[in-house]
Amino acid sequence: MIDPITAWHGEHARFTQLLDFLEKQVAAFHAGEHPNYELMRDVIYYLRHFADRFHHPREDAAFTRLAERDPGMRYPINRLLQEHRVIAVAGEELLKHLDDILEDAVIARETVETAAATYLTYYRHHLAKEEAEVLPRAAQVLTQRDWTAVAAAVPAGSDPLFGDDAGARYRELRKQIMLEARAA
Ligand SMILES: [Fe+2]
Ligand SMILES: [Fe+2]
């Protein structure tokens with residue numbers, strides 16, 4: 001079985017790929033080109049339905065244990081826990097803007113682009129903080145028992161985009177992400 005820290009890094013790397021993709025779409029808008037709103041929507045939908053439902057709740061459980069074992073981590077961890085809630089709300093809002101665009105509702109494209117740019121900055125900062133401060137400390141401090149409790153608290157959901165049994169819903173996004181990864 002893959003160890004929890006490696007799995008944790010892996011999920012962050014995949015979220016980063018999605019944020020990179022989203023950022024390219026935002027850049028295309030700024031260059032006067034047409035971003036792919038459907039795929040932007042798929043990115044946010046996935047982050048709402050996979051990251052916010054499985055990754056963040058699992059982190060919530062791991063972070064709580066980490067703060068118990070290392071009280072010095074309480075302050076940064078409280079911030080990260082709060083950020084999970086902000087990311088969920090910001091994602092929901094962005095999703096709604098993208099839905100509006102796709103349904104031809106009257107909404108300034110700038111509103112969507114600004115919301116996407118804010119989401120990107122916030123999410124990237126969050127991931128960087130976890131990678132730099134939390135994962136290394138968790139690797140040192142959390143025990144096998146902790147990890148078992150974390151896994152039991154939030155069972156891993158199957159990943160509909162990057163997982164082995166990924167479904168048809170994200171076929172186009174998966175193709176684009178693979179193409180970009182190959183080009184990089
Ligand atoms: Fe997080
Ligand atoms: Fe995370």
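Both ligands and their constituent atoms are indexed starting at 1 by order of listing. Hydrogens, waters and symmetry mates play no part in the numbers below; they use all other heavy atoms, side chains included.
Counting only residues at least two apart or in different chains, salt bridge (Lys or Arg N to Asp or Glu O under 4.0 Å) contacts with residues 32-41 comprise Arg41-Asp99.
The ring-ring contact (aromatic ring centres under 6.0 Å, His included) test with Phe15 is passed by exactly one of His9, His126, His55: His55.
A cation-pi geometry, defined here as NZ or CZ lying under 6.0 Å from the six-membered ring centre and within 45° of its normal, holds between Arg169 and Tyr45.
Excluding waters, the set of protein N/O/S atoms under 2.8 Å from the Fe ion (ligand 2) reads His12 NE2, His55 NE2, Glu59 OE2, Glu130 OE1.
Classified by interplanar angle (parallel below 30°, tilted 30° to 60°, perpendicular above 60°), the ring pair His56/His84 is parallel.
Trp8 and Glu59 share a donor-acceptor pair across their side chains, judged by distance under 3.5 Å alone.
If you look at His84 and ask which of its N, O or S atoms sits nearest the Fe ion (ligand 1), the answer is NE2.
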Test salt bridge (Lys or Arg N to Asp or Glu O under 4.0 Å) on Arg65 and Asp60 and set out the steps. CA-CA 9 Å; Arg65 289 196 159 240; Asp60 292 346; over 6 Å; no
